[in-house]
Every structure is written in structure tokens, then in C-alpha cells.
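Presented below is the structure to which this report refers.
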Amino acid sequence: MTAFSRLRPEFFRRDAVTVARELLGKTIARRFESGEIKRFVIVETEAYLGEEDLACHASKGRTPRTEVMYHAGGKIYVYLIYGMYWMLNFVTGDDGHPQAVLIRGVDKVIGSGRVGRLLQLDRSFYGEDLYASDRLWVEDTPTIVSYSTAPRVGVDYAKEWKEMKWRFIANN
DNA sequence: TGCACGATCTCG
DNA sequence: GAGATCGTGCAT
């Protein structure tokens, strides 16, 4: 069995669109409370790119909620949506440039809300360092190079930004 | 201090 | 097609 290295911060310190595309095929490793480690291959992502992007939470500016997106790439950004689903995002880009990639699907489960449930996320993951965490990190398995793009889901309010094809879906 | 709504999903 | 369920941002 081959051991895969953990993705380094440099991987995430690039623009969100590039990172979202290259994350397809990478593996999320999650160590649960029980100590058991499970791995999930990323198959669907979305990029959220800066204050100008009206679909990005950072378009509201720097707030307690968006704070971590302003950090250098490589941290976890989680938030509660509809009062019940924890969305998993990885912060990308350089310090002071708010960006993130939303994990919409893994090999076993498609749907951002379902992913959060599968990984048993909660607010304590907010700001966690992917390179230091002992409970959630990303391993450098081969990127899936065959994929499709589409507009992001649920952002009809984002004017022209809703048209951007920043959703990446690995092909079967 | 209050209120409307959201990067969603499930059930009927 | 509606309900669950609550933090956040913005109005009051």
C-alpha cells in the first residue's frame, strides 16, 4: 500500500479556480472521535473568488464569519447553512486575498450538505490548519484530469457572477 | 432588538 | 412542494 503525502500549504496558496480544478482526485482523510480514519476522494468542487465575486461570502467584507478566508491558503472554512448543514471549504490564495473552494462531492456522497454530515463537521473545524490537523487533512493522490464545468449551485442572486463556470465535476 | 434568508436535503 | 432550523447581515 502506497502512502500519500499530505498536501502542503503551497498547493492551496494559488487562485481558487486552479485549486478547485486540481483538487479533483485528491483525498480527504478524516480521523473520527473513535480514532478510525476514513478517506474520501474529491469529485466535485466550486471556487469562490474574492470580494468582487458576489457569490462569495467575502463580498460582504471582512467579518467574524469570513475572517479565515482572508488568511493564506491551507485552512478550513466551515459555516452552517439552513440551520443544519456544515459546508466544508478550503481557504485558498495569498494572505489578504479572500478565496475558498467548496467541497460539493466525494466518491461516496454527492452534495455539499451530505459531505459535511458524512465527515461529522461542526463549528470547531473553523480555521483548522490542513497541514497540522490530526483529524482532517488532504492527501496528494493523483488529480483527475477528465472533468466537466458548470455554473455554481444556489447563487442566482450573484448577478453576472452566477454565470461563471467555477464548478468542477470529475467525469466517470 | 428584530427579521428575512441562505454556497441544502429529505420526505411526502 | 414544503418543512426543518439557526447564524448572519442589515434594517429598525
Side-chain angles (χ1 to χ4, degrees), chain A residues 7 11-28 30 32 38 40-94 96-128 130 136-138 144 147-171:
Chain A
L7 283 182
F11 177 91
F12 296 97
R13 292 179 187 168
R14 298 176 296 157
D15 75 277
V17 176
T18 299
V19 175
R21 176 164 32 91
E22 293 189 14
L23 273 175
L24 297 177
K26 303 301 183 193
T27 299
I28 294 172
R30 170 79 166 97
F32 293 97
K38 287 188 178 175
F40 310 92
V41 177
I42 298 168
V43 298
E44 188 169 330
T45 60
E46 279 180 3
Y48 288 86
L49 194 47
E51 292 183 342
E52 316 76 35
D53 177 6
L54 293 180
C56 182
H57 290 162
S59 64
K60 304 290 185 186
R62 197 162 186 155
T63 69
R65 184 205 207 187
T66 63
E67 172 64 25
V68 75
M69 272 202 279
Y70 285 79
H71 294 203
K75 291 183 176 177
I76 294 174
Y77 167 45
V78 289
Y79 65 90
L80 184 67
I81 190 69
Y82 300 115
M84 56 181 79
Y85 297 106
W86 288 98
M87 305 306 230
L88 175 63
N89 300 253
F90 299 145
V91 175
T92 69
D94 293 323
H97 201 277
Q99 308 179 359
V101 172
L102 169 68
I103 305 303
R104 288 199 60 85
V106 294
D107 51 355
K108 299 183 177 53
V109 171
I110 302 297
S112 47
R114 292 187 205 133
V115 168
R117 222 176 32 189
L118 179 72
L119 296 175
Q120 295 175 30
L121 302 180
D122 59 57
R123 85 174 309 105
S124 72
F125 284 85
Y126 183 93
E128 189 131 324
L130 285 168
L136 182 53
W137 63 91
V138 187
I144 295 171
Y147 62 88
S148 306
T149 60
R152 294 168 295 180
V153 174
V155 295
D156 287 350
Y157 58 83
K159 299 184 178 175
E160 71 267 28
W161 295 92
K162 77 179 186 188
E163 314 291 344
M164 305 305 295
K165 292 188 173 181
W166 287 347
R167 179 183 177 196
F168 297 89
I169 309 153
N171 292 334

Among A/Val155, A/Val101, A/Val17, which residue meets the side chain to side chain contact (heavy atoms under 4.5 Å, CB included) test with A/Tyr48? A/Val155
Between P of B/dA7 and CD of A/Gln99, the distance in whole Å: 18 Å
Can you check the A/Arg152 CZ to B/dT8 P distance for me, whole Å? 12 Å
Using whole Å, what does the distance between atom P of nucleotide C/dT8 and atom CE of A/Met87 come to? 15 Å
So, is A/Tyr85 near the phosphate of C/dT5, with a side-chain N or O under 4.0 Å from OP1 or OP2? no
Within the stacking criterion (centroid distance below 5.5 Å, interplanar angle below 30°), does A/Tyr82 stack on C/dA4? no
Under 4.0 Å, counting only non-hydrogen atoms across every strand here, what does A/Gly113 touch: a base, just sugar-phosphate, or nothing? sugar-phosphate
Only one of A/Val41, A/Leu118, A/Leu88 clears side chain to side chain contact (heavy atoms under 4.5 Å, CB included) with A/Ile28; which? A/Leu88
Any idea how A/His57 and A/Tyr77 line up, ring-wise: parallel (<30°), tilted (30 to 60°), or perpendicular (>60°)? perpendicular
May I ask you to say whether A/Asp53 pairs ionically with A/Lys159, meaning some side-chain N is under 4.0 Å from a carboxylate O? no
What is the distance, to the nearest angstrom, from the CG atom on A/Asn89 to the C1' atom on B/dG6? 14 Å
Please state how far atom CH2 in A/Trp86 lies from atom C1' in B/dA7, giving the value in whole angstrom units. 14 Å
Within this structure, what is the OH-to-C1' distance between A/Tyr126 and C/dG7, rounded to whole angstrom? 13 Å
If the P atom of B/dA4 is compared with that of C/dG3, how far apart are they to the nearest Å? 16 Å
Counting only Watson-Crick or G-U wobble pairs whose two distances fall under 3.5 Å, which nucleotide matches B/dC5? C/dG7
B/dC9 P sits how many Å from A/Leu118 CG, rounded? 12 Å
Nucleotide forming a Watson-Crick or wobble pair with C/dG1, both distances under 3.5 Å: B/dC11
Classify the nucleic acid contact of A/Met84 as base, sugar-phosphate or nothing, counting any heavy atom under 4.0 Å across all strands shown. base
Determine, for A/Arg14 against A/Glu22, whether the closest basic-nitrogen to carboxylate-oxygen distance falls under 4.0 angstrom. yes
Which whole-number value in Å describes the distance from A/Leu119 CG to B/dT8 P? 16 Å
Polar atom pairs between nucleotides 9-12 of chain C and protein, under 3.5 Å, N or O only, would you list them?
residue: C/dG9; atom: OP1; partner: A/Thr63; partner atom: OG1; Å: 2.8

NZ/NE/NH1/NH2 to OD/OE distance under 4.0 Å, A/Glu46 and A/Arg104: yes
Could you measure between the two P atoms, the one in B/dC5 and the one in C/dA2, and give it in whole Å? 15 Å
Side chain to side chain donor-acceptor pair (under 3.5 Å) partners for A/Arg167, two or more places apart: A/Glu44
What nucleic acid atoms does A/Arg123 come within less than 4.0 Å of, heavy atoms only: base, sugar-phosphate, or nothing? sugar-phosphate
Kindly confirm or rule out a cation-pi arrangement of A/Arg30 over A/Phe40, judged by NZ or CZ under 6.0 Å from the six-membered ring centre and within 45° of its axis? no
Let me know, please, whether A/Arg114 or A/Leu88 comes out on the 5' side of the other along DNA chain B by nearest nucleotide. A/Leu88
